[in-house]
Structures are given as structure tokens and as C-alpha cells.
Amino acid sequence: QGQLVESGGGLVQAGGSLRLSCTASGRTLRNYAMGWFRQAPGKEREFVAAISWSGGSTAYADSVKGRFTVSRDNAKNTVYLQMNSLNPEDTAVYYCAANGMLRVTTDYTYWGQGTQVTVSS
């Protein structure tokens, strides 16, 4: 069965940038809408961004609009989350997820294991 794998997390100073990637083994991501989510310690998992299977539609949480960009390269079976102007409130474990339809809730079918993003002040 296919597995989603996130990469690109790490430690960055406030104001810096990171690009997260999500790939899949044994699963073709172009068949799915993809979402990015995050979960900070003691908080619920929250929606960050999503992109339709074609890339023609995107959605963002208000907290990241203008700073984060979701994109995909279906030829590479990869989805990206470019994160700019990071601040300490962005510190969380970031997850990618796949679903038949683009949603702005956590109601996605397949999930990765997550990658840690830490933003220092």
C-alpha cells in the first residue's frame, strides 16, 4: 500500500524560509487532492493549505496566506509547501495528506508521518 513521506523540515530563524516536500511510494499522487496540515504541541491538528489534483485550485488558512505556497509536480509525484517569512508560531509537525476531493478540514484519507518545523525567535 502506498505511503506518503514528508521531508524538508528543520530549524530556521524567524523570517526564514523552508520548502517541504511530500512524495509517495506505491501511490500516484496525481489522482488526489493534497493537503498540508500542522500540529503544535498541545494543540489540535489544523489545516494549512491544499491543492487540487490538477493544481488548478488551491486553498490556504488565513494564518499562512501570502506567506506559504502549495504546488505540485505530478510528473515527479511530489507536492510542495514553500514557507516564507516564518515565525515562531509556525513551529509544528507538518503533515501531508491525500484525498479524493480538496477539503479544508482534516478529513483526508491518507496521511504521512510528519516532519518537524521549528522556528526560533
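Considering only heavy atoms from C-beta on, R38 stays 4.5 Å or farther from T91 through its side chain. Under the 4.5 Å side-chain criterion, counting only non-hydrogen atoms from C-beta, V12 is not in contact with M83. With a 4.5 Å cut-off on side-chain heavy atoms, L4 and L29 count as touching.
With hydrogens and angles ignored, the 3.5 Å screen pairs a side-chain donor or acceptor of E6 with a backbone N or O of G114.
At a threshold of 4.5 Å between side-chain heavy atoms, the hydrophobic network of Ile, Leu, Val, Met, Phe, Trp and Tyr places V48 and V70 in one connected group. A continuous path of hydrophobic side-chain contacts links V64 to I51 [ILVMFWY only; heavy atoms under 4.5 Å]. No single ILVMFWY cluster, assembled from side-chain heavy atoms under 4.5 Å apart, contains both Y80 and L20. Transitive grouping of hydrophobic side chains (ILVMFWY, heavy atoms separated by less than 4.5 Å) brings M34 and Y94 into a common cluster. Tracing side-chain contacts under 4.5 Å through hydrophobic residues (I, L, V, M, F, W, Y), one never reaches L102 starting from Y60; they form parts of separate clusters.
The aromatic rings of F37 and F47 stand perpendicular to each other, their planes meeting at an angle above 60°, with 30° marking the opposite boundary.
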Self-check item: Step-by-step side-chain contact (heavy atoms from CB on, under 4.5 Å) determination, S25 to V5
Solution: CA-CA 8 Å; S25 59; V5 179; 5.5 Å; no
Quiz item: Going through the checks in order, is the ring-ring contact (aromatic ring centres under 6.0 Å, His included) test met by F68 and W36?
Solution: CA-CA 11 Å; F68 290 12; W36 284 98; 9.9 Å; no
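Applying the side chain to side chain donor-acceptor pair (under 3.5 Å) test between R103 and each of D107, T105, T106 identifies D107 as the sole match.
Between the side chains of N77 and T23, no donor N or O sits under 3.5 Å from an acceptor N or O.
Taken from CD in Q13 to OG in S121, the straight-line distance is 9.5 Å, to the nearest 0.5 Å.
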